[in-house]
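Below is one structure, written out as structure tokens, with a few remarks after it.
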2 protein chains.
Amino acid sequence: MDSTLQTRPPLGCAAVMMSVFRASLQEHQLPVTQQREAVAGILFESTGHLSADDIAARLKERGDHVGKATIYRTLNLLVDVGLATEHDFDEGFKRYEARIGPSRHDHLICTSCGEVIEFHRPELETLQSEVASEYGFQPITRQVKIYGLCAECDAAEARENPDYRRAL
Amino acid sequence: MDSTLQTRPPLGCAAVMMSVFRASLQEHQLPVTQQREAVAGILFESTGHLSADDIAARLKERGDHVGKATIYRTLNLLVDVGLATEHDFDEGFKRYEARIGPSRHDHLICTSCGEVIEFHRPELETLQSEVASEYGFQPITRQVKIYGLCAECDAAEARENPDYRRAL
DNA sequence: CTCACTGCAAATAGTTTGCATGCAA
DNA sequence: TTGCATGCAAACTATTTGCAGTGAG
């Protein structure tokens, strides 16, 4: 299913995503409201992993106030139509990310400073299908999260406590 | 509310885990209380993924009432000393599992019926180290979760809605 | 005897929901 | 016009925390 390796289109991407979103709404007979466009716009123009609060803040600093309930409702909508991905990095809240095409990536999460590094490993696609078919499972999505210390935090830790790695 | 049980650990395993737990507590000058032993016991004797509520229920049906706050405090303690693993299967609450040795396994999660299937893939170990070293990252733990439909739910879905797979 | 643990209840925090009102179609 | 969408606030739910009392070492 994900046989096409696709890189993120650089420009105009947000605009394309917006029209896909509008089309999805119309297809489902749902109104295209200003709030929905505002929330989706913020997400599509950003490349990071945004929390509901991040989105609220960006909307505010742009003058576009949208109620938090609506932000959550819109994010869930985006996830449902497949235009956004939900992430849980164990921070006690969720983060959302625009989902451009079928391109899959996974994450390294620093448990010390919270940095999130994306990585791509096509082998994971194969492995996912293999494991799934072994159990008659129909895979829809996956999350691969590797927790640990980023290069900087690792160095810092090794400096303070030279043999911490022995515990791993 | 009960999780699916998978493989059965060797006998006496729970007892061994308990004494490791007691040792950890003593090492940190922490009292070995009845409540701590009760909570740890439930977790060590089970092979599944238990929520805090599951544990409360099992304690109750055994006559051993323990306050929920204490259950949470003990679970966090177990995670901190490395004797339990925390899982988040996107159910809105966490599940805990005894951690026997360094054996790694990952999960297939049915988004329809909630079944959790464990799988082992040694290649993931390699992949984890490769990716990590590529970014100078020091991996500590990982979570690989493949969401989708288990064989039964997939069949049921295909029966009701013959071409749902086209949407994937 | 002392200090940390326990239970309870109240507090948190992210997210969801009920309801009167406001817009998109 | 006709519904859904919105905003607010209240509701929810899992988890954490404060505090008076209890128990392990």
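Quick note on labels: first sequence line is chain A, next is B, and so on, each numbered from 1.
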Checklist entry - Which pairs pass ring-ring contact (aromatic ring centres under 6.0 Å, His included) with one or both residues in residues 33-57 of chain A, sequence neighbours excluded? => result A:H49-A:H87, A:H49-A:F89, A:H49-A:H107
Next on the checklist: Please report the interatomic distance CD(B:E97) to CZ(B:R95), rounded to the nearest 0.5 Å.
Outcome noted: 11.0 Å
Checklist entry - To the side chain of B:Q35, which of D:dT15, C:dT15, C:dG7 is closest? => result C:dG7
Checklist entry - When the distance from CZ of A:F93 to P of D:dT15 is rounded to whole Å, what number comes out? => result 17 Å
Item to check | Separation of C:dA13 C1' from A:Y72 OH (nearest whole Å) | outcome: 9 Å
Next on the checklist: Given C:dT17, D:dA14, C:dT6, identify the nucleotide with an atom nearest to the side chain of B:T33.
Outcome noted: C:dT6
Item to check | Contact nearer the 5' end of DNA chain D, comparing B:N76 with A:H65 | outcome: A:H65
Item to check | Separation of atom CZ in A:R36 from atom C1' in C:dC23, rounded to whole Å | outcome: 12 Å
Next on the checklist: Heavy-atom nearest nucleotide on DNA chain D for B:E91 versus B:P31: which residue maps closer to 5'?
Outcome noted: B:E91
Item to check | Length of the CG-P vector between A:L75 and D:dT6, whole Å | outcome: 12 Å
Next on the checklist: If you compare every side-chain N and O of B:R73 against the phosphate oxygens of C:dC5 (OP1, OP2), does one of them come in below 4.0 Å?
Outcome noted: no
Checklist entry - Of the nucleotides C:dG7, C:dT17, D:dT16, which one has an atom closest to the side chain of B:T70? => result C:dG7
Checklist entry - Rounded to the nearest Å, what distance is computed from the CG atom of residue A:L25 to the P atom of nucleotide D:dA5? => result 9 Å
Item to check | B:K145 side chain vs B:D88 backbone, donor-acceptor pair below 3.5 Å | outcome: yes
